[in-house]
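In what follows, a structure is listed as structure tokens, so that the remarks can point back to it.
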Amino acid sequence: MPFNRSTKIVATLGPASSSESQITALARAGVNVFRLNASHGTQAEHAERYARIRAAERTLGRPIGVLLDLQGPKLRVGTFGFGPVDLSIGDRFRLDLDRRPGDSRRVCLPHPEVFASLEPGLDLLLNDGRIRLRVLDCGADFAETEVVAGGTLSDRKGVNVPGAALALSALSEKDRSDLAFGLDLGVDWIGLSFVQRPEDILEARELIGDRAHVMTKIEKPAALPTLDRIIELSDAVMVARGDLGVELPPEDVPGLQKKMIRLSRAMGKPVIVATQMLESMVSEPTPTRAEASDVANAVYDGADAVMLSAESASGRYPVEAVAMMERIVRRVEGDPLYRRIMDADHPSPEATVPDALTAAARQVAETISAAAIVTYTTTGSTTLRASRERPGVPVLGLSNNEATARRLSLAWGVHAALTDDVANFSEMVGRALTAAADAGIGKSGQSLVVTAGVPFGTPGKTNALRVVTIDGDDVPKVEAAQKAVTA
């Protein structure tokens with residue numbers, strides 16, 4: 001596959017994009033990671049989609065990542081006895097634990113944890129923030145509220161509590177079931193929804209172990225006071241602007257988006273910008289100019305990936321949405337301003353040999369105009385360090401671990417490739433030359449900057465750097481030698 005962009009594309013699968021031909025078409029159009037949204041669809045449907053992703057992976061001959069996005073503890077009101085109700089500004093409305101159908105004066109909110117966290121003066125947001133209720137009085141099983149912003153309220157609409165940290169686990173019973181299902185399936189990433197505190201990530205890690213990587217979705221204001229620690233504990237971060245934008249004023253979200261991208265980059269954690277990026281393409285064949293600018297700004301900020309939700313899951317133009325996003329990404333990355341921004345903002349390396357060597361690899365590659373930086377990695381840490389540097393050349397991430405190669409498909413600038421194990425540096429150089437040729441990276445006379453940890457197979461031990469020259473006549477010789485050794 002030609003290496004023509006650094007920023008990756010994540011696409012959500014759904015009713016509009018579930019067949020093997022559709023998934024393959026999306027991957028051909030530019031998708032690097034597919035998202036399975038556990039909030040919608042059954043486990044059986046997701047299992048079918050997963051199998052089709054792996055079939056597309058075999059067809060295209062490149063690693064493709066899979067993210068299972070857990071629903072999280074979604075708060076919802078109960079039902080109404082006589083259909084939707086209209087709430088007007090100034091009306092009094094009661095929320096309680098009484099499970100009888102509601103009316104224009106009250107409805108059930110079957111979450112005692114919410115009432116335990118309320119106090120007078122707090123606001124509750126219903127129906128994606130369209131309705132705002134202010135708490136006047138509350139107790140262990142009720143809240144008397146006044147309608148501050150009115151609207152129509154119907155069965156099982158969502159509830160947000162922006163001003164309180166709720167005593168809720170980040171994993172509901174449904175999440176635990178979906179998590180076990182996803183781990184057995186073999187997904188690469190687990191998305192944790194509505195994370196409020198570092199302990200939420202630690203709880204999930206106990207269940208996940210090393211079977212998948214943890215992607216934390218930042219969508220609750222309660223997470224912001226401990227944001228540094230939350231990102232530190234995560235393997236990747238998603239800036240989930242949908243729910244975050246419900247609970248915070250819209251004008252606060254852009255600055256927070258930039259802050260989260262910068263923090264994630266500084267810590268070397270892949271970061272995705274998500275939600276409503278090309279929203280109009282759910283029903284239209286082209287996006288608005290504002291949406292194109294939104295995608296572009298995330299790329300200019302140095303995000304590892306941009307994501308499509310309803311656009312690819314249920315929209316009328318899923319492949320066109322991916323193709324449009326790829327065009328925007330490539331146009332931005334071709335802008336000289338983009339390269340100047342990336343060059344001006346390299347996070348300071350930690351005082352360790354791996355960080356120092358990786359920073360040096362970028363400098364060497366850019367000084368000699370190398371074709372690529374090649375990393376050989378077991379866990380992905382060597383390659384992620386190279387990605388963190390945002391080099392001006394591709395990063396060819398070689399791994400003998402299929403799960404690692406798939407996870408690296410999310411990282412900025414990384415062309416992940418699966419390769420056989422190696423016993424020495426010379427053998428690794430041969431693998432690098434072959435993989436570069438297969439990927440269409442470099443030409444005869446150009447150089448590759450190769451980094452690895454020696455002895456091989458030792459996680460986190462980037463301690464060797466070598467510059468090798470591509471010779472068009474050498475690759476067939478290397479392949480023949482490798483076949484002879486295998487025989």
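All values below were derived from every heavy atom in this structure, side-chain atoms included, with hydrogens, water molecules and symmetry-related copies excluded.
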- Donor-acceptor pair, side chain of His40 and main chain of Pro15, under 3.5 angstrom: no

- Task: Give the C-alpha distance, both sets of side-chain angles, the deciding distance and a yes or no for side chain to side chain contact (heavy atoms under 4.5 Å, CB included) between Asn400 and Val422.
- Result: CA-CA 9 Å; Asn400 65 340; Val422 295; over 6 Å; no

- Between Arg362 and Glu366, is the closest basic N to carboxylate O distance under 4.0 Å? yes

- Does any donor atom in the side chain of Glu291 or Ser280 lie under 3.5 Å from an acceptor atom in the other side chain? yes

- Query: When you measure from the side chain of Tyr50 to the backbone N and O of Gly186, does any donor-acceptor pair fall under 3.5 Å?
  - Reply: yes

- Query: Among side-chain atoms of Gln196 and Thr226, is any donor-acceptor pair under 3.5 angstrom?
  - Reply: no

- State whether Glu203 and Arg176 are salt-bridged, where the test is any N-O pair (Lys NZ or Arg NE/NH1/NH2 against Asp/Glu carboxylate O) under 4.0 Å. yes

- State whether the side chain of Arg390 and the backbone N or O of Gly302 hold a donor-acceptor pair below 3.5 Å, judged by distance alone. yes

- Are Lys220 and Asp243 close enough for a salt bridge, meaning some N to O gap below 4.0 Å? no

- Message: Ignoring hydrogens and geometry beyond distance, is a side-chain donor-acceptor pair present between Arg316 and Ser283 at under 3.5 Å?
- Response: no

- Item | Cationic N near anionic O, under 4.0 Å, Arg62 to Glu57 | no

- Should the ring pair Tyr338 and Trp412 be called parallel, tilted or perpendicular, given that the plane angle runs from 0 to 90° and is split at 30 and 60? tilted

- Residues Ser39, Asp69; criterion side chain to side chain contact (heavy atoms under 4.5 Å, CB included); working and verdict: CA-CA 8 Å; Ser39 297; Asp69 195 340; over 6 Å; no

- Message: Has Gln257 got a side-chain atom pairing as donor or acceptor with Val239's backbone, closer than 3.5 angstrom?
- Response: no

- Measure the CZ-CD distance between Phe194 and Glu219 for me, rounded to the nearest 0.5 Å. 4.5 Å

- With no hydrogens and no angle check, do the side chains of Thr358 and Glu389 hold a donor and an acceptor under 3.5 Å apart? no

- Basic-acidic side-chain contact under 4.0 Å: Asp294, Arg241: yes

- Check: Leu13 main-chain N/O paired with Ser17 side-chain donor or acceptor under 3.5 Å: no

- Item | Check ion pair Asp228-Arg262 (N to O, under 4.0 angstrom) | no

- So, Asn32 versus Arg406: side-chain donor-acceptor pair below 3.5 Å or not? no

- Query: Between Arg339 and Asp343, is there a salt bridge with N-O shorter than 4.0 Å?
  - Reply: yes

- Query: Which is it for Ser309 and Arg35 under the side chain to side chain contact (heavy atoms under 4.5 Å, CB included) test, yes or no, and what are the steps along the way?
  - Reply: CA-CA 9 Å; Ser309 298; Arg35 172 178 175 250; 3.9 Å; yes

- Is the closest basic N to carboxylate O distance between Asp304 and Arg265 below 4.0 Å? no

- Is any NZ, NE, NH1 or NH2 atom of the basic residue among Arg330 and Asp335 found under 4.0 Å from an Asp or Glu carboxylate oxygen of the other? no

- Message: Quick check against the 3.5 Å criterion: does Arg388 have a side-chain atom that pairs as donor or acceptor with the backbone of His346?
- Response: no

- Item | Side-chain (Ser399) to main-chain (Thr377) donor-acceptor, under 3.5 angstrom | yes

- Message: Is it the case that atom CZ in Arg54 sees more than 12 heavy atoms from other parts of the structure closer than 6.0 Å?
- Response: yes

- Message: Looking at Thr383, is its backbone amide N or carbonyl O close enough to the side chain of Ser387 to form a donor-acceptor pair, meaning the two atoms are under 3.5 Å apart?
- Response: no

